[in-house]
Each structure stands twice: as C-alpha cells, then as structure tokens.
Number of protein chains: 2
Amino acid sequence: MEDVADLRRFNRYFTRRIGVLDDHYLGQDRPLGEARLLFEIGDGVSLRELRTRLGLDAGYLSRLARALEAQGMVRVGVPPHDNRLRIVEPTPAGRVEVEEQNRRADALAAGLLQALTPDQRAELTGALATAERLLRLAGITVEVVDGAAPDARACLDAYAADIDARFPEGFDASDLVGPEEVSGEAGAFLVAYEGGGDGVEGPGARPVGCGALRRLEPGVGEIRHVWVHRDARRLGLARRLLAGLEDAARARGLDVVRLDTHRTLTEAQAMYRACGYTEIPAYVDHVYAHHWFEKRLTDGPAS
Amino acid sequence: MEDVADLRRFNRYFTRRIGVLDDHYLGQDRPLGEARLLFEIGDGVSLRELRTRLGLDAGYLSRLARALEAQGMVRVGVPPHDNRLRIVEPTPAGRVEVEEQNRRADALAAGLLQALTPDQRAELTGALATAERLLRLAGITVEVVDGAAPDARACLDAYAADIDARFPEGFDASDLVGPEEVSGEAGAFLVAYEGGGDGVEGPGARPVGCGALRRLEPGVGEIRHVWVHRDARRLGLARRLLAGLEDAARARGLDVVRLDTHRTLTEAQAMYRACGYTEIPAYVDHVYAHHWFEKRLTDGPAS
DNA sequence: ATAGTTCTTTGACTAAAGTCAAAGAACTAT
DNA sequence: ATAGTTCTTTGACTTTAGTCAAAGAACTAT
C-alpha cells in the first residue's frame, strides 16, 4: 500500500500549499460560503442543481442566494417550465466580482509558478495532467445494468448519435442490440459511471461509457457498442470496458469473443489489437462492418 | 499563461475530489478544528509551536487544547526548562483516535486507487512525485543576504558538516569564505528559503541551500560552497543557486566564473558540466580540490 | 532587582455555517 | 380531482470558528 501513502502525502502537501490558499484569498470581501456560491453559479443554474452539487441544506442555500440577490450580485428568477424552481443568474456586478476572484486566483497561481523555467512549467503541467487523468479514471466505476435500463438506452442513443456523425453513410439506430440480447445469461450490458464532484457514489454520478456483450453462437460471444463519452476519452476507459465485457463473457462460459468495426474507427482498431485481438475474416456481414476481430479468453489465468 | 490555467484546473479538480473528502471524513465525531489539532499534535508539541505552525489565535488554541484535555484525548503539561510553555501530548485514547483518523484516510485513498491497475498506480504516483518536486522547487526563493547573516553562517556550518562527513580526509571549517569576501561589491552570498506551510513568505521559511561568489582576480569570479539541504535535494535547487550566482557575477562585471570540486562529489561535477562548465587545469591548489571548472558568462543573452 | 518580553488563560464577543421542522406553492401520476 | 411529491422559503435554533483585550505567571537581559 505504498501508493496509498504516496497519494495521502501528496494530498497533504498540495492542500496545505495551494488548496487552502485559494479558498482563503478567493473571498476576501465576503464570507466564503457566498463567494463559493457566486463562483458556482457561473452563467446561471437552478437552486436545485446547486443544492445537489454542493450538498447544501435547502434553507441555508435559499438564504445564501437571497443574500447575494440583496447585494445585487445575482438575480433570482423562475424558469418557464416549472414554477417551483428558482434559477440564479449573475448580474453584471456579479460577473465583475467573479472575474475579480478569477484574477486573484490567477495571480496567486502565477506567483507560484514564477520561479520555474518554461521547461519546468511544462513538466509540471504534464505531471498534473497525467495525475488528473488517472484520478479521473480511478473515479469511474463500471457496473452491469439491465439492457433496458434508462442509463443503458441513454448511452446507446449517445453512441448512435456519435457514430451517425462519424460514419460517412450515417448510422441507423435500428442496428443497436435489443435489451433482451444483453440481459441476464444471454449477455451483459455495462455502463461506466463517473462519480459526482466528490468521487464517491452519489447523486452526481453520470454515465460516461458503455459496452454490450451478446451470445453469438455456442461458446462465442460478440462485443458491441463500446462507447466512451467525449468528455471521458483518452483516460483508458475503453480498455476497462473491454476487460469488463471479457470477464462477463468468461463468466458465461464463452471461450471466444468477436467484434466488428467500421473502417473509419482507426483508434478503436489499434486499441483492439493492443488488447490482444487479432483480425479475422468476416464472421458476419453488415453495412457498418469493415474489420473483424477475435480474442480467445481461455488462455492466460482465466478462472 | 496556459500553465496558470492548468494549475488552477488541477487544483479545482483535486480539492473537489480528494482534499475536501479527506477533511470531511477525518473528524466525523468531533469538530474539524479539534480533529486537525489532535492530528497535528503527533507525539507531543508545545502550544507555542502549534500556534505558529497553524497560525491560530492564542486564546482559541488554548481552549481547543483544553477541550481535548477534558475529553481525555491529550495531557497538557509543563516542560522542565520553561514554566510558561505548555506541551500537549496525546493520551493512549488520543493515539487510538489519531490511528482511527489515519485508517479512515487510508481506506479512502485505497478506495480511490482501487480501480487502477498496478501500472496505472505507478504512473500516478510518479506523476504526483514530479508535481510535488516542482511545486516545492517553485516555493523556494533565493535571496542575497549578507555574508555575516545568521542564516548564511548556519548554511555554511551545515555545509561544512555535510562534506566533513563525506570527504575521506574530513573538512576543516577554516577553509570557508569569510563574510567580507562575499558581501557588497566584493561578492555575493545567496540563501535559498523554503517557505512555510502555506508557500508564501512567512515565519515558517527556513534556509535550505546556499552559494557564495567571490572575486578571484579582475574579471574572474569564483563560486564556492554551493550546498543544498538534505531534505531539498533532487529538486533542481543547485542549478537555481548556480544560475543566481552567475547573475551576481555578471552584475559585478565578471566575465568568467571558476570553481573547484572534490573528487568524491561526482554528482556535482556532472551538474557543472550540464550547466555549461568545462573542466580546466588547476587555477589554484588546495587540499580539497581535484577538479576545476570554468564558464564564460559573456556569451548568450547576457545583459 | 527591575523592566521588558513571552506565553497562556480567561472573559466577552461576533460572524459564519449549518440544522431542523413546518408550511405553502407548484408539479405529477392516477 | 386528488393524493403524493418536489422545491423553496421562513423561523428558530445550535455549533464552530474565530477575534480582541486584559491579566497574570514566568522568563531574559541588564
């Protein structure tokens, strides 16, 4: 558990060094709660959204928002479609204040980096980018859900929209797997969830990827619809999904998985190869398939 | 200022994701202030030390400590040498509580890393180590001080002790530069300070390195006693000091700087070479010198 | 011995942050 | 239309975190 100690060590150092400062300087003229809220409001959100995002008490939040309104920092309005809700928007004065917050934070960060050479800065931002990428990946959980679950269908819709935009010939959504093909013993449907702001399971978790496994013929499964949300790409999530689907295949007694892919999806093809898939002749023929891959699952330390 | 944005971005993500959680879970049973204090107490410190380290109000701190005492978490005693001071030590119950805090934080960190493969964890800890190294380096300021200043002498003492332990023949401190050689126009003495916990100038700053420049002959300077504290090595600080000394030499109209080094200090030799120094014949002869280096300062974009 | 300084304690406050419950308006599903 | 749910507001609190000043005990330097 060396890693754990390293992470905690960094956390201690970093929050001492930067996190605390940031907060402290951020709201010099007003209470931290208000300053943070004003910052979170951005270009306008509903109180409801803020409440779940920040985990604040409804009463407390209401008062904070009204206090900001009284100071002329925000306008509180009612959205057209639901009169229970309140949407909070910054006034010009509020925007100025946020700008000021940002300038202060920028100045602080700039002062912090000042002593470094351009090379060192580049190294630092590279390291931070790597760390963020891996921390994000670590915060994503992959779960088996029913093929008919709303999250599953939402992912497939997003997938269909993505590739419809990408394939020159477009994509017809009727080619998607049906819920019954990927449920229970017949197959599996995985959804990747990126946790809310705090990284633990909670109301903020949203689907950022999916993948389906269905039975093709005895002992042979087919992997379909491996998709990762635009915001969650380049984290290594597709590999995680793929590995999860392979596990599901093994658990269902399948020795081989196959998949096909479109000629335009070259990164996907490279990934399949890197994950141990080998190209094979067409095992099925349909419009969007130009390359076919296969992987034996029985080799290696399979259960 | 792309770097600044990157740093702030990471800061936002990281504190949201980890920092906040850590704090929140740390003190589930008691107020954060108390929990943090108990944690900071460690194996026992004086209130005075805590006050400067945490920047707390004396009255507030006194009450916090007494509250912990009333709960049986700490014992407050008087040190033998000064009856004004109070030293706070954890009781067995207090230690158990800190252990519990640590277990929680460890579990949290472990849960966070759980989804990563060993390779990914190694990549993450590597990136965090790099980031920490560069952030520390960024938090170190190099200042010109008088050669007779207490910090200067303290650094030279530490330097002498270090190389005395390192040279097979030991080191005689009478070989150190005198204060007058490195002050004003005659030369320069640089001290590197690592800021306190918060990274800004403050009471916590402590000297972690030094370097001296003296005039050797017209137009030629000599760099001596470049030293970095054990805790601040491998950050790239020696290079910073060297660059600072070269600037000081340029500012004094010197075109060339020389230095000598002991045969055992191979990393130093490698660093000098990497910084543009070339080995030359002995320009002076004394016991601890086995390699001599020189660098012209007039090339490049000198002022 | 004395004056000045350091350190802690105590009293008297304040502001911020947050909790809980009740109530009312507005929506949704049946 | 009715019952149940969602969302915000308000009132009445509590706890936490912190500030400031005065005072007293203990030290240090002269």
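To find a chain, count down the sequence lines: A is the first, B the second, and so on, and within it residues start at 1.
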A:S62 has its side chain closest, among D:dT8, D:dA17, C:dC7, to D:dT8

* **Those residues that, when tested against A:A192, pass side-chain contact (heavy atoms from CB on, under 4.5 Å) (two or more places apart)** =>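 Expected list: A:I140, A:V142, A:V208, A:L237, A:L241.
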
Exercise for review: Determine, for A:D231 against A:R206, whether the closest basic-nitrogen to carboxylate-oxygen distance falls under 4.0 angstrom.
Suggested key: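 Result for this pair is yes, salt bridge flagged.
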
Would the distance check show the side chain of A:S183 and the main-chain N or O of A:D146 forming a donor-acceptor pair, the cut-off being under 3.5 Å? no

Show the distances under 3.5 angstrom between N or O atoms of the protein and N or O atoms of nucleotides 1-3 of chain C.
none

Heavy-atom contacts, protein to nucleotides 25-30 of chain C, under 4.0 Å, summarised as B (base), S (sugar-phosphate only) or - (none) per nt, yield -BS---

message: With side-chain contact (heavy atoms from CB on, under 4.5 Å) as the test, pick out the partner of A:L113 among B:L134, B:D6, B:V4.
response: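 Between A:L113 and the candidates, side-chain contact (heavy atoms from CB on, under 4.5 Å) is satisfied uniquely by B:V4.
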
Whole-Å distance, B:L37 CG to C:dT8 P, equals 12 Å

From CZ of A:R51 across to C1' of D:dT8 the rounded distance in Å is 8 Å

task = Taking side chain to side chain donor-acceptor pair (under 3.5 Å) as the test, write out the residues that go with A:E132, two or more places apart.
result =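 A:E132 satisfies side chain to side chain donor-acceptor pair (under 3.5 Å) with B:R9 only.
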
Dot-bracket for DNA chain C, 5' to 3', Watson-Crick and G-U pairs with both distances under 3.5 Å, [ ] for crossing pairs, | for partner on another strand, reads ||||||||||||||||||||||||||||||

Walk me through whether A:R103 and A:E99 qualify under salt bridge (Lys or Arg N to Asp or Glu O under 4.0 Å). CA-CA 6 Å; A:R103 269 219 313 285; A:E99 267 316 295; 5.6 Å; no

Quick test: give all pairs of protein nitrogen or oxygen and nucleotides 18-23 of chain C nitrogen or oxygen below 3.5 Å, distance rounded to 0.1 Å.
unit_1, atom_1, unit_2, atom_2, d
C:dG18, OP2, A:Y60, OH, 3.4

*asked:* Return whichever of B:A58 or A:E34 has its heavy-atom-nearest nucleotide of DNA chain C closer to the 5' end.
replied: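 Here B:A58 is the residue nearer the 5' end.
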
